[in-house]
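For reference, the structure is listed below as structure tokens.
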Amino acid sequence: MYYKTKEKRKLDIVESPDGLILREDSFNPTHIFECGQAFNFHKEEDGSYTAVFLNMIINLWEKEDYVLIRNVSLEDFYEYFYDYFDLGTDYGKIKEELSYDENLKVASDYGYGIRILNQEMFETVISFIISANNGIARIKKAVRIISERYGTYIGEYMGRAYYSFPRPEVLAEVDPADLREYARVGFRDVRIVKASQMIRDGYLDFARDMTLDSLDLKEKLMEMPGIGPKVADCILLFTFHRRETFPVDVWIKRVMETLFIGHEVPKKLVDNYARDIFGENAGYAQQYLFYYGREEKIGK
């Protein structure tokens, strides 16, 4: 249940004794994993990133002029991670289209290696329910504990055990009190279980829901417990490939007010400004601006 392209272009990627060597513009593991879009990853002591996707463990290490990809075969990389890393999208073209504005050019140069991940639907829904009024470190810890307690053991990598994110039918039967006690999800405990039950019972169907327009799908998502406008926008952007979507959190609000709007506005109006300014590329602009704004503390 995740976005896949019909055709794949040939990448500049080769096998080596150490792993896969990928040379790709606009691809930097730090930028990809540190821009607030995913939580099921671990930064290793060597600076590489280990992530879990579809019961597979992948490690990415930024080198001088390439990215070393470890623990996956070339066949599996094309089959699963090509779409996960949105490698069918020309980010150079997108950055060129956004560079009409100097602030956007600075932000996209700063986070030049960002790629918007196409993530599995259920894990994304639950992860962003957990994200509401929460910090990234706590979200990551909650996702890890939920995986360890209710997921399936995948294997060990660099001395760390990894588990798959649980399926809806498993999380739907968990006692909310256990989620609160062990995963420290607080008031989100009941919401997680109820959302899992709804997905288990077919409320969301990825293939069917991909046919809905973004507004209708957003309204449908917001009928679920724990999903407000911002969380719905994140699910639209990171699961349903709705790249015109512009999730608004405190960092984006500050950045937009500082760099584009010029004065403070209600949070619910920031999205309207973004759509007017960025159009169909709003989702890409959001990721560049979020990473740049948070790292450089724009507007704080």
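- By the 4.5 Å heavy-atom criterion applied to side chains, Lys194 and Pro176 are not counted as neighbours.
- Ionic pairing of Lys220 and Asp216 is not present here: no N-O contact between side-chain nitrogen and carboxylate oxygen is shorter than 4.0 angstrom.
- Under a 4.0 Å N-O distance rule, the pair Glu173/Arg200 qualifies as a salt bridge.
- Annotation for Asp189 and Arg180: closest pair OD2-NE, 2.9 Å, computed over non-hydrogen atoms.
- When every heavy atom of Gln37 is checked against every heavy atom of Gln119, the shortest pair comes out as O-NE2, 2.7 Å.
- Aromatic rings of Tyr288 and Tyr112 (six-membered ring for Trp) have centroids beyond the 6.0 Å cut-off, not under it.
- A heavy-atom distance below 4.5 Å is not found between the side chains of Glu123 and Ser147.
- Checked by atom type, the side-chain pair Glu244/Ser214 shows a donor-acceptor distance below 3.5 Å.
- Shown here is Asn133, whose CG atom has no more than 12 heavy atoms of other residues, nucleotides or ligands within 6.0 Å.
- Tyr84 is not listed as a side-chain neighbour of Ile58, based on a closest heavy-atom distance of 4.5 Å or more.
- Between Tyr273 and Phe246, the ring center distance fails the sub-6.0 Å criterion.
- With Leu20 as the fixed residue, the side chain to side chain contact (heavy atoms under 4.5 Å, CB included) test singles out one of Val14, Val72, Val67: Val72.
- Listed for the Tyr78 side chain is a donor-acceptor partner under 3.5 Å among the backbone atoms of Leu11.
- Shortest non-hydrogen contact noted between Ile129 and Gly226 is CG1-O, 3.9 Å.
- Outside the 6.0 Å centre-distance limit, the rings of Tyr162 and Tyr157 are not counted as a close aromatic pair.
- Relative orientation of the Phe278 and Phe260 rings is perpendicular, given thresholds of 30° and 60° on the angle between their planes.
- To the nearest 0.5 Å, atoms OH (Tyr291) and CD1 (Ile114) are separated by 7.0 Å.
- The side chain to side chain contact (heavy atoms under 4.5 Å, CB included) test with Leu117 singles out one residue from Tyr2, Phe81, Phe85, and that residue is Phe85.
- Remark: aromatic rings of Phe39 and Phe128 are close, center separation under 6.0 Å.
- Counting only distance, with no hydrogens or angles, the side chain of Ser164 and the backbone of Thr152 share a donor-acceptor pair below 3.5 Å.
- Here the side chain of Asp209 pairs no donor or acceptor atom with the backbone of Leu204 at under 3.5 angstrom.
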**Message:** I'd like to know whether Ile192 forms a side chain to side chain contact (heavy atoms under 4.5 Å, CB included) with Val174, so could you lay out the CA-CA distance, the side-chain angles of the two residues, the decisive distance to 0.1 Å, and finally the verdict.
**Reply:** CA-CA 9 Å; Ile192 291 169; Val174 171; over 6 Å; no
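- Of the possible donor and acceptor atoms, one in the side chain of Asn118 sits under 3.5 Å from a partner among the backbone N and O of Asp83.
- Looking at Lys8 and Glu79, no side-chain N of the basic residue comes within less than 4.0 Å of a carboxylate O on the acidic one, giving no salt bridge.
- By the 4.0 Å N-to-carboxylate-O rule, Asp18 lies too far from Arg70 to be salt-bridged with it.
- With a 4.5 Å cut-off on side-chain heavy atoms, Cys35 and Arg294 do not count as touching.
- Across all their heavy atoms, Ala285 and Leu104 have their closest contact at CB-CD2, 3.9 Å.
- Between the side chains of Tyr284 and Glu97, not a single donor N or O lies within less than 3.5 Å of an accepting N or O.
- No donor-acceptor pair closer than 3.5 Å links the side chain of Lys140 to the backbone N or O of Gly135.
- Gln286 places no side-chain N or O within 3.5 Å of a backbone atom of Thr245 that could act as its donor or acceptor partner.
- Taking all atoms of both residues into account, the shortest heavy-atom contact from Ala232 to Met222 is CB-CG, 3.8 Å.
- In this structure, Leu237 and Ile116 have side chains that are in contact, with non-hydrogen atoms separated by less than 4.5 Å.
- Within the 3.5 Å criterion, the main-chain N or O of Ala132 finds a donor-acceptor partner in the side chain of Arg188.
- Of all non-hydrogen atoms in Ile126 and Ser196, the two that sit nearest each other are CD1-OG, 3.7 Å.
- At a threshold of 4.5 Å between non-hydrogen side-chain atoms, the residues Asp178 and Tyr150 count as touching.
- When each of Asn281, Asp86, Thr89 is tested with Arg243 by the rule side-chain hydrogen bond (donor to acceptor under 3.5 Å, both in side chains), just one qualifies, namely Asp86.
- Evaluated for a side-chain hydrogen bond (donor to acceptor under 3.5 Å, both in side chains) with Tyr110, the options Lys105, His31, Glu296 yield exactly one hit, Glu296.
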**Request:** Mind running side chain to side chain contact (heavy atoms under 4.5 Å, CB included) on Asp233 and Leu236 for me, showing each step along the way?
**Result:** CA-CA 5 Å; Asp233 282 340; Leu236 288 171; 3.9 Å; yes
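- Looking at heavy atoms from C-beta onward, Phe27 lies in side-chain contact with Leu87 at the 4.5 angstrom threshold.
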**Prompt:** Going through the distances and angles, do Arg254 and Lys297 end up as a side chain to side chain contact (heavy atoms under 4.5 Å, CB included)?
**Reply:** CA-CA 9 Å; Arg254 290 170 181 166; Lys297 297 178 172 54; over 6 Å; no
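- Using a cut-off of 4.0 Å between Lys/Arg side-chain N and Asp/Glu carboxylate O, Glu24 and Arg9 are scored as salt-bridged.
- Residues Asp101 and Leu259 have side chains not in contact (no heavy-atom distance under 4.5 Å, counting atoms from C-beta outward).
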**Request:** May I have the step-by-step check of side chain to side chain contact (heavy atoms under 4.5 Å, CB included) for Lys141 and Arg138, ending in yes or no?
**Result:** CA-CA 5 Å; Lys141 185 174 182 180; Arg138 292 177 64 187; 5.6 Å; no
